[in-house]
Amino acid sequence: DITYSTLFENVELTAQSFADIGVKKNDVILFFTVSMPEVIYSIYGLNKIGAVCNFINALSSVEEVHNYLLECGCKVMVCLDLFVNKVISAIKETQVEKVIVMSLANSMPIVKKVLFSAKIKSKLIDYKGNDMFASWSDFISNTSKSSLQTLNGDSEDVAIVGHTGGTTGFPKSVLLT
């Protein structure tokens with residue numbers, strides 16, 4: 001269970017972590033993951049610093065991920081550990097400088113975490129030697145203790161970019177303020 005106190009602490013920590021790697025107002029961060037607590041912390045944390053979350057479908061192909069990265073000019077992206085193989089291919093010839101890797105196991109109780117981790121271990125790509133990649137836990141643990149400058153955003157500032165399914169033609173980006 002996550003209390004409001006824990007939620008607020010994690011949002012602050014996440015906001016500071018993104019600020020520490022240079023994310024600032026109007027930067028777009030691409031999310032290629034599924035919904036999990038760390039994603040929620042990121043939405044609110046990035047909103048605090050005025051950055052934009054761009055969520056893409058977890059079933060996106062390498063080419064689609066690559067095109068989204070080029071379209072938004074992302075320097076930072078967040079992905080699920082199960083998608084690292086696709087990401088390694090997709091980030092070629094893009095502006096991506098940092099990839100933060102989340103794991104579903106991080107949010108599981110210890111017994112489920114151990115069983116889940118053992119089951120998916122063979123499907124994971126080792127990214128540890130690549131400085132461009134950081135696990136969520138390393139990303140958060142390297143957070144500075146400096147004071148975060150919170151922005152007073154405008155109600156017209158974009159907070160999230162979503163994408164339609166394209167059922168009536170081509171998929172479209174939807175800007176949420």
Side-chain angles (χ1 to χ4, degrees), residues 2-80 83 86-87 90-102 104 106-107 132-134 136 139-140 142-177:
I2 298 172
T3 64
Y4 280 109
S5 174
T6 301
L7 171 68
F8 296 142
E9 288 170 17
N10 283 317
V11 166
E12 288 294 322
L13 188 61
T14 302
Q16 186 64 57
S17 296
F18 277 110
D20 285 352
I21 63 168
V23 174
K24 56 191 179 315
K25 184 174 176 63
N26 296 323
D27 284 351
V28 179
I29 311 306
L30 188 86
F31 283 80
F32 183 39
T33 184
V34 296
S35 185
M36 50 200 281
E38 292 83 354
V39 172
I40 303 304
Y41 307 149
S42 296
I43 292 169
Y44 288 106
L46 287 165
N47 190 253
K48 283 182 78 83
I49 59 178
V52 179
C53 301
N54 185 352
F55 291 95
I56 62 171
N57 189 325
L59 301 175
S60 296
S61 68
V62 171
E63 182 180 353
E64 289 170 325
V65 175
H66 180 79
N67 290 338
Y68 284 123
L69 288 167
L70 291 176
E71 181 181 295
C72 66
C74 296
K75 292 182 181 173
V76 177
M77 86 175 283
V78 178
C79 77
L80 190 63
F83 303 157
K86 281 186 179 181
V87 170
I91 61 175
K92 292 177 182 167
E93 299 178 22
T94 68
Q95 296 179 18
V96 174
E97 298 170 1
K98 193 68 161 176
V99 179
I100 299 154
V101 182
M102 295 179 171
L104 289 170
N106 288 348
S107 300
M132 184 183 281
F133 289 77
W136 178 263
F139 170 66
I140 292 297
N142 291 326
T143 302
S144 71
K145 302 298 178 212
S146 62
S147 179
L148 180 67
Q149 181 176 352
T150 303
L151 298 174
N152 291 326
D154 185 315
S155 64
E156 297 300 313
D157 288 345
V158 175
I160 297 175
V161 177
H163 302 277
T164 67
T167 54
T168 60
F170 290 106
K172 296 162 192 70
S173 296
V174 179
L175 307 179
L176 304 175
T177 57

To the nearest 0.5 Å, tell me how far [X] [atom1] sits from [Y] [atom2].
X: I160; Y: I43; atom1: CD1; atom2: CD1; value: 4.5 Å
X: C72; Y: Q95; atom1: SG; atom2: CD; value: 9.0 Å
X: L70; Y: N67; atom1: CG; atom2: CG; value: 6.0 Å
X: L175; Y: E156; atom1: CG; atom2: CD; value: 11.0 Å
X: I29; Y: C53; atom1: CD1; atom2: SG; value: 7.5 Å

Handout entry: Worked check of side-chain contact (heavy atoms from CB on, under 4.5 Å) between H163 and Y68
Key = CA-CA 10 Å; H163 302 277; Y68 284 123; 3.5 Å; yes

Atom of [X], atom of [Y] and distance for their closest heavy-atom approach:
X: A90; Y: H66; answer: O-ND1, 2.7 Å
X: S61; Y: K86; answer: CA-NZ, 4.4 Å
X: V158; Y: V161; answer: CG1-CG2, 4.2 Å
X: F83; Y: A58; answer: CZ-O, 3.6 Å

Practice task
Would you check if the distance from the ring center of F8 to the ring center of Y44 is below 6.0 Å?
Solution key: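 Judged by ring-centre distance (under 6.0 Å), F8 and Y44 do not meet the cut-off.
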
Exercise for the section: Ignoring hydrogens and angles, tell me if any N or O in the side chain of S60 forms a donor-acceptor pair with the backbone of N57 under 3.5 Å. Expected result: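 It does hold such a pair.
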
Problem - Under 3.5 Å donor-acceptor, T164 side chain and K172 backbone - result: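 Flag set: sc T164 to bb K172 pair under 3.5 Å.
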
Practice task
Kindly determine whether I49 and V23 satisfy side-chain contact (heavy atoms from CB on, under 4.5 Å), including the steps that lead there.
Solution key: CA-CA 8 Å; I49 59 178; V23 174; 3.9 Å; yes

Evaluate the side-chain proximity of [Y] to [X]: yes if any heavy-atom separation is below 4.5 Å, no if none is.
X: D27; Y: K75; result: no
X: M36; Y: L80; result: yes
X: M77; Y: F31; result: no
X: S42; Y: M102; result: yes
X: L30; Y: L69; result: yes
X: V78; Y: F18; result: yes
X: Y41; Y: L13; result: no
X: N10; Y: E38; result: no

Practice task
Give a yes-or-no answer on whether the side chains of S144 and D20 include a donor-acceptor pair shorter than 3.5 Å.
Solution key: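 Per modelled atom types, S144 and D20 side chains form a pair under 3.5 Å.
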
Problem - Distance-only side-chain donor-acceptor flag, S17 / T14, under 3.5 Å - result: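 Side-chain D/A pair, S17 to T14: absent.
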
Exercise for the section: Tell me, with the steps shown, if V11 and K48 meet side-chain contact (heavy atoms from CB on, under 4.5 Å). Expected result: CA-CA 9 Å; V11 166; K48 283 182 78 83; 3.8 Å; yes

Handout entry: W136/N106 under side-chain contact (heavy atoms from CB on, under 4.5 Å): CA gap, chis, key distance, verdict
Key = CA-CA 9 Å; W136 178 263; N106 288 348; 4.1 Å; yes

